[in-house]
There are 2 protein chains.
Amino acid sequence: MPLLMLKDLPRYECLLEAVRHHPDLDPSACEAYLNLLRAGDEAYSRSEAFLGEHDMSPGRFTVLMLLYDKLSGMPRDQTPADLADKAGVTRATMTGLVDTLERDGLVTRQHDPHDRRMMLIQLTPKGHSTLEAILPGHFQQMAAQMAPLSEQERKTLVRLLNKIAGQTRALEPVEASPAAAS
Amino acid sequence: MPLLMLKDLPRYECLLEAVRHHPDLDPSACEAYLNLLRAGDEAYSRSEAFLGEHDMSPGRFTVLMLLYDKLSGMPRDQTPADLADKAGVTRATMTGLVDTLERDGLVTRQHDPHDRRMMLIQLTPKGHSTLEAILPGHFQQMAAQMAPLSEQERKTLVRLLNKIAGQTRALEPVEASPAAAS
DNA sequence: ATCTGATGATTAGCCTCCTAACTACACGGC
DNA sequence: GCCGTGTAGTTAGGAGGCTAATCATCAGAT
């Protein structure tokens, strides 16, 4: 998410000042929200840059991880629909990701023998070794970014983030006012 | 940041298991990292959906906010370069954002009388009223998403997120190994 | 046996952002 | 006064996501 947050967040005094004109503004909520977006964006951008050094995009990396068995314990091949669902993208997007991975020889596509509508995607040896070449650095990136936090602080952070994520999902139906439904 | 994180994050036991194969994996760091990305992404997506109802994108909204004086206390017009810098996008991207906003009549472009290289972007009355129509709902969105957190928890969250963001910026030069510099 | 509806994958076209190349203008040395 | 250098803004082209429409296949009803 490259945008919506400013490079320099407004100071808290400015938020307090702004409440006078905008009674709906909750200063502490706004501050927490903006900091969440910024921290998430910076962490994401950094991983994206790291993956980019290995000719890898976040999307393609996610697909390889889903096909990689050592972490998840599910060694079998998966369909594009499964992968799209787990990765949180549309099937159309997954088609494009698999196209690129197949072109680079990291995965193969095969028809499911029992249902010819479905494809089975599997990791090639090259895909496997490519992933294992990237993973140590990826894990080190995560560890380095979280290094300033103690174990206790990490647990607290996860707890607070889960409260927010749960709330966000609970609110989900965002379409209330048919304002610009064109 | 639509991708890189899974819809369902791996359980903590799986991470502990995975350490056996990947000594670089720090389970608590990984868990905190994945939760940060997911919470940030969900909050962002929700705001994006809300803005979309008003024919507004995060980028265009950010530009309007930067030109809006009541929050920042800087009433004067700004150049595209300023705006790009504050919004954290390239100047080329800012050109596109201003193009759209100008087409919709929300901002105007004028040449700086003292330096004809520069443009001055200013909010039109229509831009002003459009923004003020969106802001209350936007602030309510933020408040609703942060509602489960107490004031104390919000302060803790901001403190922890700032530690991470500071660390991420400190690590910044990500290009260490010329692996796939093609 | 065939038609109908559902499901999986793909294609086509759009939006937003990016980098890189280009144009227009300002300023300082000669 | 002219020319090279630097700066502001724009244009052109690419990557990655999305939605909507299309094609292929299966499964069940007639």
Side-chain angles (χ1 to χ4, degrees), chain A residues 1-5 7 41 44-45 47-49 51-52 55-63 77-104 107-121 175 180-182, chain B residues 1-5 7 41 44-45 47-49 51-52 55-63 77-104 107-121 175 180-182:
Chain A
M1 3 325 325
L3 214 26
L4 185 73
M5 78 243 83
K7 196 156 191 186
D41 178 56
Y44 181 83
S45 300
S47 283
E48 194 174 26
L51 292 174
D55 273 333
M56 191 57 62
S57 78
R60 292 197 295 277
F61 177 75
T62 300
V63 175
D77 310 331
Q78 303 187 44
T79 67
D82 277 346
L83 293 170
D85 216 37
K86 290 177 187 165
V89 298
T90 63
R91 293 177 186 185
T93 298
M94 187 53 65
T95 296
L97 292 172
V98 172
D99 279 347
T100 312
L101 289 168
E102 189 178 29
R103 171 177 53 85
D104 293 347
V107 306
T108 57
R109 244 190 271 244
Q110 282 181 5
H111 276 288
D112 183 320
H114 304 301
D115 185 341
R116 284 184 51 79
R117 287 174 301 182
M118 293 199 264
M119 305 296 291
L120 289 179
I121 313 299
E175 42 191 344
S182 103
Chain B
M1 23 296 351
L3 214 24
L4 185 73
M5 77 243 84
K7 195 156 191 185
D41 178 55
Y44 182 83
S45 300
S47 282
E48 194 174 25
L51 292 174
D55 272 333
M56 190 58 62
S57 77
R60 292 197 295 276
F61 177 75
T62 300
V63 175
D77 310 330
Q78 302 186 44
T79 67
D82 277 346
L83 293 171
D85 215 37
K86 290 177 186 165
V89 298
T90 63
R91 294 178 185 183
T93 299
M94 187 54 63
T95 296
L97 292 172
V98 172
D99 279 348
T100 311
L101 289 169
E102 189 178 28
R103 171 177 53 89
D104 293 347
V107 306
T108 57
R109 244 190 269 245
Q110 282 181 4
H111 276 288
D112 184 320
H114 305 300
D115 185 341
R116 285 184 51 78
R117 287 174 303 181
M118 292 200 264
M119 305 295 291
L120 289 179
I121 314 298
E175 42 191 344
S182 104

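Computed from a predicted model, the values in this text were never measured in an experiment. In the text below, chain A, chain B and the rest are named by the order of the sequence lines, each starting its count at 1.
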key: With sequence neighbours excluded, residues passing side chain to side chain donor-acceptor pair (under 3.5 Å) with Thr90(B)   = Thr93(B)
key: Sequence-distant partners of Arg117(B), side chain to side chain donor-acceptor pair (under 3.5 Å), two or more places apart   = Asp115(B)
key: Nearest-nucleotide 5' precedence on DNA chain D, Pro80(B) against Thr100(A)   = Pro80(B)
task = Using the test side chain to side chain donor-acceptor pair (under 3.5 Å), find all partners of Asp112(A) that sit at least two apart in sequence or belong to another chain.
result = none
task = Round to the nearest Å and state the distance from Met118(A) atom CE to dT10(C) atom C1'.
result = 16 Å
task = Can you tell me the distance, in whole Å, between the CG atom of Leu120(A) and the C1' atom of dA9(C)?
result = 13 Å
Provide a list of protein-nucleic acid N or O atom pairs under 3.5 angstrom, restricted to nucleotides 19-29 of chain D.
| from | atom 1 | to | atom 2 | distance (Å) |
| --- | --- | --- | --- | --- |
| dC26(D) | OP1 | Arg116(A) | N | 3.0 |

key: Distance, rounded to the nearest Å, where Met119(B) contributes CE and dT7(D) contributes C1'   = 15 Å
request  = Would you kindly give the CZ-to-P distance between Phe61(A) and dG17(D), to the nearest whole Å?
outcome  = 14 Å
query = Rounded to the Å, how far apart are Gln78(A) CD and dA9(C) C1'?
reply = 16 Å
message = Rounded to whole Å, please give me the gap between CE in Met94(A) and C1' in dT11(C).
response = 17 Å
inquiry  = Nearest to the side chain of Asp99(A), heavy atoms from C-beta on, is which of dA9(C), dG9(D), dT11(C)?
reply    = dT11(C)
Atom-to-atom span, OH of Tyr44(A) to P of dG16(D) - whole angstrom = 10 Å
ask   = From the list dG17(D), dA8(D), dG8(C), which nucleotide is the closest neighbour of the side chain of Ala81(A)?
value = dG8(C)
query = Looking at residues at least two apart in the chain, or sitting in another chain, which of them share a side chain to side chain donor-acceptor pair (under 3.5 Å) with Thr108(A)?
reply = Gln122(A)
remark   = Those residues at least two apart in sequence (or on a different chain) that pass side chain to side chain contact (heavy atoms under 4.5 Å, CB included) with Thr95(B) are Asp99(B)
